[in-house]
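Contents: one structure, followed by commentary.
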Amino acid sequence: MPDTPDIIDIFVIGGGVNGCGIARDAAGRGLSVTLAEMGDLASATSSASTKLFHGGLRYLEYYEFGLVRKALKEREVLLSAMPHISWPMRFVLPHQKGMRPAWLLRLGLFIYDHLGGRKILPATRTLDLRVDIAGEALKDTLVKAFEYSDCWVQDSRLVVLNARDAAEHGARILTRTKVIAAKRHAAHWDITVQHGTGAKELIKARKLVNAAGPWVEDIVRNTIGLPSDEGVRLVRGSHIVVPKIFDHDRAYFFQGGDRRIIFAIPYEGDFTLIGTTEQEHTDDIGAAMCTKVEVDYLCTLASEYYKTPVKASDVIWTYSGVRPLYDDGAKSATEATRDYVLSLNDQGAPLLSIFGGKITTYRRLAEATLEKLGHKGGAWTAGAPLPGGNFPVDGVADLIANLRADYPFLNARWAQRLIRTYGTEARDMLGDARDKKGLGQDFGAGLFAREVNWLMAQEFAQTPKDILWRRTRLGLHVAAQDVTALGEYMKARS
């Protein structure tokens with residue numbers, strides 16, 4: 001078992017959005033960083049979100065004003081840093097008789113508009129659903145709605161681009177590498193990792209960050225072996241994908257009679273994404289699945305609003321993730337706080353464990369983590385674009401037009417996907433290709449060998465699932481025989 005010759009500054013456990021965000025921030029401050037993820041980047045909770053940068057409108061009901069304000073302020077910071085993988089989205093909130101009164105919804109949205117210092121996103125407006133296109137798919141009994149702003153984000157790409165930027169700043173990113181032991185000394189940690197090949201490696205680090213998400217408690221108690229009275233409340237969020245229900249680019253926010261809410265969001269051009277549920281999760285963390293009960297719940301609630309009922313037989317795909325909420329003793333999963341808690345144990349070399357959090361506040365969490373570890377200066381990520389995001393928020397249309405002009409074989413949808421995936425780096429990926437043949441082997445749905453090569457070389461992809469379900473969302477479009485061919489191609493290149 002080889003030993004690393006030097007002691008690094010920070011070792012991060014977990015390749016989700018928090019871990020990769022911390023690694024990026026730390027590396028950009030000149031610290032030596034290693035991150036280990038036991039699977040692929042964003043292979044658990046961080047690729048199973050509702051894919052929104054949002055303040056959390058419903059958290060106002062639980063008086064989480066600090067959390068909502070922090071998240072609202074962060075939306076536009078993030079939007080400016082990644083305008084290729086995140087963009088503004090308008091949400092239609094119909095007023096349903098018997099639910100929250102219209103005046104209360106409008107008051108909540110007034111607070112939502114003004115709590116976070118909104119500058120880019122437009123304000124709330126009132127809709128007459130009898131004449132607005134947003135009302136066409138809804139039941140005729142729904143006549144009034146409020147339309148407000150939040151942002152869409154490609155969650156798993158967010159994680160990968162943070163990891164890439166961390167690596168470009170000098171961090172070592174180890175995927176499919178599990179931390180199997182961590183021994184504490186007065187001034188450093190001895191961390192033993194096991195790579196996917198089975199080989200073990202000893203890494204010495206001055207500070208250890210436990211950003212293992214749903215596994216954070218297990219890491220503290222079992223891998224590290226420290227007693228702890230802090231824990232996570234595991235809540236499963238499930239989503240369904242059905243054929244496209246409506247023909248516009250806005251999303252819907254629906255209230256349920258149980259005071260829970262769901263979203264219905266345009267997804268990958270041809271589909272509608274509906275979610276999420278909130279169920280206490282007591283099963284295997286790594287095997288979260290959308291249950292029949294959850295499918296029925298989402299279909300039933302959506303059908304209370306849409307003219308055409310949403311049926312379980314319509315569901316094309318489901319996904320589930322386990323959210324590691326800080327166990328604050330709330331009565332229900334819906335009421336449990338989404339804010340993060342940073343727990344520092346400095347009885348020897350520092351250990352910082354992260355409980356809770358939400359995708360919108362990952363960057364702020366990274367800054368708070370480094371400050372908690374004693375690195376109080378040098379914050380830099382607020383104005384720094386992620387790879388491919390170095391263009392204005394309103395510059396996507398120009399990028400698409402210019403890409404099509406230089407690569408005439410691209411149709412509009414294909415060019416849009418490339419810009420929305422790679423931003424300004426789409427040109428680097430396409431390189432000198434002058435036609436489809438120049439892109440190499442065709443795997444269907446606009447995925448060619450040149451893009452696969454890029455994802456393997458630049459974005460840590462090792463398997464078809466990494467590419468089809470996390471680096472892109474082409475898994476919904478690629479045929480089974482093409483998935484097999486892709487696997488054979490990647491295996492030959494690895």
Side-chain angles (χ1 to χ4, degrees), residues 48-54 57-58 87-99 105 125-155 237-258 260-278 290-321 412-413 416-417 420 445 469 472-477:
S49 75
T50 311
K51 310 180 196 314
L52 301 176
F53 284 148
H54 65 130
L57 177 61
R58 68 185 181 84
W87 52 89
M89 183 171 280
R90 297 289 279 174
F91 288 78
V92 176
L93 169 51
H95 172 242
Q96 177 81 288
K97 290 182 179 179
M99 302 289 182
L105 296 178
R125 66 180 184 133
T126 302
L127 300 182
D128 183 344
L129 294 174
R130 294 168 294 188
V131 297
D132 193 284
I133 190 175
E136 289 183 3
L138 300 177
K139 290 182 176 179
D140 293 337
T141 53
L142 300 169
V143 298
K144 183 177 184 178
F146 302 104
E147 181 186 285
Y148 70 95
S149 293
D150 266 322
C151 299
W152 173 262
V153 63
Q154 299 185 65
D155 52 5
S238 294
H239 300 75
I240 60 175
V241 173
V242 299
K244 184 165 63 174
I245 297 174
F246 47 89
D247 285 315
H248 56 79
D249 61 359
R250 287 176 281 178
Y252 293 92
F253 178 119
F254 294 147
Q255 307 173 79
D258 57 0
R260 288 193 282 174
I261 63 96
I262 63 169
F263 296 101
I265 305 171
Y267 191 65
E268 296 300 311
D270 300 323
F271 309 101
T272 298
L273 171 67
I274 301 174
T276 178
T277 60
E278 293 186 318
C290 182
T291 65
K292 181 181 182 302
V293 171
E294 289 173 301
V295 169
D296 290 343
Y297 173 83
L298 293 172
C299 289
T300 299
L301 180 46
S303 297
E304 291 177 7
Y305 288 83
Y306 287 121
K307 288 177 181 175
T308 302
V310 180
K311 303 184 294 294
S313 58
D314 297 329
V315 176
I316 294 169
W317 179 53
T318 69
Y319 67 87
S320 297
R413 181 163 175 170
Q416 180 181 32
R417 181 183 75 80
R420 283 301 190 191
W469 296 103
T472 73
R473 284 287 191 261
L474 293 175
L476 289 168
H477 304 279

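These numbers come from a predicted model, not from an experiment.
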Less than 4.5 Å apart, any side-chain heavy atom of Cys290 and any of Ile240? yes
Measure the shortest side-chain to side-chain distance between Phe246 and Tyr306 over non-hydrogen atoms and say whether it is less than 4.5 angstrom. yes
Could you tell me the separation between the CD1 atom of Ile261 and the CZ atom of Phe254, rounded to the nearest 0.5 Å? 11.0 Å
Of all the heavy-atom pairs spanning Ala145 and Val92, show the shortest one and how long it is. CB-CG1, 3.7 Å
About how many Å separate CZ of Arg420 and CD of Glu268, when rounded to the nearest 0.5 Å? 12.0 Å
Find out whether Ile265 and Leu52 are in side-chain contact, i.e. whether some heavy atom of one side chain is under 4.5 Å from a heavy atom of the other. yes
Just how far is it from atom CD of Gln96 to atom CG of Leu142, taken to the nearest 0.5 Å? 5.0 Å
Classify the angle between the aromatic ring planes of Phe263 and His54 as parallel (below 30°), tilted (30 to 60°) or perpendicular (above 60°). perpendicular
Evaluate the criterion side chain to side chain contact (heavy atoms under 4.5 Å, CB included) for residue pair Tyr297 and Asp258; output intermediate values, then yes/no. CA-CA 11 Å; Tyr297 173 83; Asp258 57 0; 3.0 Å; yes
Please evaluate residues Lys51 and His239 with respect to the criterion side chain to side chain contact (heavy atoms under 4.5 Å, CB included), reporting the C-alpha separation (whole Å), side-chain torsions for both, the decisive distance (0.1 Å), and the verdict. CA-CA 11 Å; Lys51 310 180 196 314; His239 300 75; over 6 Å; no
Are Thr308 and Ile245 packed together at the side-chain level, in the sense that at least one heavy-atom pair is separated by less than 4.5 angstrom? no
If every non-hydrogen atom of Thr272 is compared with every non-hydrogen atom of Pro243, which pair is closest and at what distance? OG1-O, 4.0 Å
Is there a donor-acceptor pair under 3.5 Å between the side chain of Tyr305 and the backbone N or O of Gln255? yes
What salt bridge (charged side-chain N to carboxylate O under 4.0 Å, His left out) pairs are there with at least one residue in residues 133-149, not counting sequence neighbours? Arg90-Glu147, Arg125-Glu147, Asp140-Lys307, Glu147-Arg250
Could you tell me whether the side chain of Leu301 reaches within less than 4.5 Å of the side chain of Arg260, counting heavy atoms only? no
Check Ala251 against Met89 and note the closest heavy-atom contact, atom names and distance. CB-SD, 3.8 Å
How long is the gap from CG on Leu273 to CH2 on Trp152, to the nearest 0.5 Å? 5.5 Å
Indicate yes or no: at least one non-hydrogen side-chain atom of Trp469 is less than 4.5 angstrom from one of Tyr319. no
Look at the side chain of Asp314 and the backbone N and O of Lys311, then say whether any donor-acceptor pair between them is shorter than 3.5 Å. yes
Once rounded to the nearest 0.5 Å, what's the spacing between atom CG of Asp155 and atom CZ of Phe53? 9.0 Å
Would you say Leu93 and Leu57 make side-chain contact, with heavy atoms under 4.5 Å? yes
If I take atom OH from residue Tyr267 and atom NZ from residue Lys244, how far apart are they, to the nearest 0.5 angstrom? 15.5 Å
Return the minimal non-hydrogen interatomic distance between Ala134 and Leu129, and the atom names on each side. C-CD2, 4.2 Å
In terms of the angle between their ring planes, are His248 and Tyr252 parallel, tilted or perpendicular, with boundaries placed at 30° and 60°? perpendicular
Specify the closest pair of heavy atoms between Ala312 and Cys299, including all atoms of both residues, with the distance to one decimal. N-SG, 3.7 Å
Would you check if Lys97 and Thr141 make a side-chain contact, meaning some heavy-atom pair closer than 4.5 Å? no
So, the side chain of Thr277 versus the backbone of Ser238: is there a donor-acceptor pair under 3.5 Å, distance only? yes
